[in-house]
Participant: 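Here's a structure for you.
Index from 1, following the sequence. Computed from a predicted structure; not experimentally measured.
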Amino acid sequence: MRIIDYKSSNYDINLDNVVYGLQLQLLTYLDAVCKIEDLEPAAVLYFNLIEEKLDKRKTKEEIEDEIRKNFKMKGLVAADVKLIKMMDKSLEVGTSNIIPAGITKER
């Protein structure tokens, strides 16, 4: 189970805020759903809905890369290769373009 919060601003999880109880909303939702439905926790993520202004002088490939980076989710992901591959089906080795995770070697 993953919880995704759609934001109209650039937002990320701050672990200091979690420790001090100031940023628990997504983790609370994840915990509750996993307990009720007997699911494995996989991630809590923020998805930025705001498009950044793009430099029109860049190539099409550079612009597409910027767009992908802008829409990459931020947050916490379980350190489990199986779960990471379920969230980014195109990822084999390297860093995901979708979630804040990567795989260093094939398993």
Participant: With the side chain counted from C-beta on, respond yes when Val33 and Pro41 share a heavy-atom pair under 4.5 Å apart, and no when they do not.
Facilitator: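 With C-beta onward as the side chain, the pair stays apart.
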
Participant: If the plane angle is over 60° it's perpendicular, under 30° parallel, otherwise tilted; pick one for Phe71 and Phe47.
Facilitator: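 Phe71 vs Phe47 ring planes: parallel.
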
Participant: Among Ile4, Asp31, Leu26, which one satisfies side chain to side chain contact (heavy atoms under 4.5 Å, CB included) with Val44?
Facilitator: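 Going through Ile4, Asp31, Leu26 one by one, the side chain to side chain contact (heavy atoms under 4.5 Å, CB included) with Val44 is satisfied by Leu26 alone.
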
Participant: For the atom pair CG (Leu76) and CG (Leu15), what is the distance rounded to the nearest 0.5 Å?
Facilitator: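 Nearest 0.5 Å value for the CG-CG distance: 5.5 Å.
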
Participant: Mind checking whether Ile98 and Met73 have side chains closer than 4.5 Å, heavy atoms only?
Facilitator: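 In short, these two side chains touch, coming nearer than 4.5 Å.
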
Participant: According to a 4.5 Å side-chain heavy-atom criterion applied to Ile, Leu, Val, Met, Phe, Trp and Tyr, with indirect links allowed, do Tyr6 and Tyr29 form part of one hydrophobic cluster?
Facilitator: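 Tyr6 does not cluster with Tyr29.
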
Participant: Distance-only, no hydrogens or angles: does the Glu62 side chain make a donor-acceptor pair with backbone N or O of Thr59 under 3.5 Å?
Facilitator: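 Judged by distance alone, yes, a pair lies under 3.5 Å.
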
Participant: With a 4.5 Å limit on heavy-atom distance, are the side chains of Lys74 and Pro100 in contact?
Facilitator: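 Side chain of Lys74 against side chain of Pro100, heavy atoms only: no contact under 4.5 Å found.
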
Participant: Is it true that the side chains of Asn48 and Lys72 contain a donor and an acceptor less than 3.5 Å apart?
Facilitator: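 Absent: no donor and acceptor within the cut-off.
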
Participant: Any side-chain heavy-atom pair from Lys58 and Glu66 closer than 4.5 angstrom?
Facilitator: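 Counting from C-beta outward, Lys58 and Glu66 do come under 4.5 Å.
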
Participant: Please check if the side chain of Gln23 supplies one atom and the backbone of Asn14 the other of a donor-acceptor pair under 3.5 Å.
Facilitator: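 Pair found, side chain donor or acceptor close to backbone of Asn14.
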
Participant: Kindly say whether Gly75 contributes a backbone atom to a donor-acceptor pair with the side chain of Asp12 at under 3.5 angstrom?
Facilitator: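 Present.
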
Participant: Grab the two heavy atoms, one from Ile50 and one from Ser8, that are nearest each other, plus how far apart they are.
Facilitator: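 So the minimum-distance heavy-atom pair works out to CG1-O, 3.1 Å.
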
Participant: For the backbone of Ser90 and the side chain of Asn97, can you confirm whether one donor and one acceptor N or O come within less than 3.5 Å of each other?
Facilitator: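 Between the backbone of Ser90 and the side chain of Asn97 there is no qualifying donor-acceptor contact (under 3.5 Å).
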
Participant: Ser9 side chain to Tyr11 main-chain N or O, any donor-acceptor pair under 3.5 Å?
Facilitator: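 Here the side-chain-to-backbone pair does not exist.
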
Participant: I'd like to know if Leu27 and Ile99 are part of one continuous hydrophobic network [Ile/Leu/Val/Met/Phe/Trp/Tyr, side-chain heavy atoms within less than 4.5 Å].
Facilitator: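 Not linked; separate clusters.
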
